[in-house]
Amino acid sequence: MLSYFALATSLMVIQIFIAAYRWKLILGLKEVTLGYLQTLRLFWIGLLFSQFLPSNFGGDAARIYYLAKTSDNMHSAVNSVFLDRITGLLSLSVLVITTTGLTWTVAGSAIIKLQNYFFGLFVLVFLMLLGMIIFRQYIHRSFSSRILTFCKQLAADLFQLVRPGQTCLSIWSLSFCIHLITV
């Protein structure tokens, strides 16, 4: 019994190290130079805040705050945390959609509902970001607000994450690896 507990704890800690490395790669795309140990420290701080505040947003806010203090770039700090969350959500959605067929006979209609939920969420986020990328040149600066500017920058950053390249492949592979360890 104790060996199962040690194995589960070890796997959870490994996930944290992998997730911190994924965030470091995302920071590299945002041109924020931060060492792995410093990234890992900020990630652990975020996890601590997530445990004691009522939602995961507290941990993300802590990561944004301390990263902005460290790098003096609030926009990159916010976008890097959002990109980290988006890659996790999209990779989880892809895993759920692709593995639904494997569990079809076991779970029946509950799997169909879950698949429809994740597929709908995935399509909605994808279409929203695709629309922002396509129509960003038609949005005049005088009409844009801070939120719209943030969304346009986030869409451009997400577009950077889906470009072919070694770093992008590593980020997505790490995201899938994190979820497979959870399973």
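Predicted, not measured: the structure shown is a model, and the values here were computed from it.
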Check whether any side-chain heavy atom of [X] sits under 4.5 Å from a side-chain heavy atom of [Y], and report yes or no.
X	Y	value
Ile26	Val32	no
Ile16	Met12	no
Tyr65	Lys69	yes
Leu92	Ile178	no

Could you grab the distance from atom [atom1] of [X] to atom [atom2] of [Y], nearest 0.5 Å is fine?
X	Y	atom1	atom2	answer
Asn79	Ile64	CG	CD1	9.0 Å
Thr39	Leu67	OG1	CG	8.0 Å
Ser173	Ile18	OG	CD1	11.0 Å
Lys24	Thr33	NZ	OG1	8.5 Å
Gln15	Leu174	CD	CG	12.0 Å
Cys168	Leu29	SG	CG	5.5 Å

Using a cut-off of 6.0 Å, state whether more than 12 heavy atoms not belonging to Phe176 lie near its atom CZ. yes
Over all atoms of both residues, closest heavy-atom pair of [X] and [Y]:
X	Y	value
Thr70	Gln38	CG2-NE2, 3.2 Å
Ala68	Ala77	N-CB, 3.9 Å
Phe49	Tyr66	CE1-CE1, 4.3 Å
Trp172	Ser91	CZ3-N, 4.2 Å

When you look at Trp23 and Ser80, which way does the side-chain hydrogen bond (donor to acceptor under 3.5 Å, both in side chains) test go after all the steps? CA-CA 7 Å; Trp23 189 38; Ser80 71; 3.3 Å; yes
Hey, mind stepping through Ser76 and Glu31 against side-chain hydrogen bond (donor to acceptor under 3.5 Å, both in side chains) and telling me if it holds? CA-CA 8 Å; Ser76 292; Glu31 298 176 357; over 6 Å; no
For Asp157, the salt bridge (charged side-chain N to carboxylate O under 4.0 Å, His left out) test, sequence neighbours excluded, returns Lys30
Any donor-acceptor pair under 3.5 Å from Thr87 side chain to Asp84 backbone: yes
Would the distance check show the side chain of His179 and the main-chain N or O of Gly88 forming a donor-acceptor pair, the cut-off being under 3.5 Å? yes
Within 45° of the axis and under 6.0 Å from the centre of the six-membered ring of Trp44, does NZ or CZ of Arg63 qualify? no
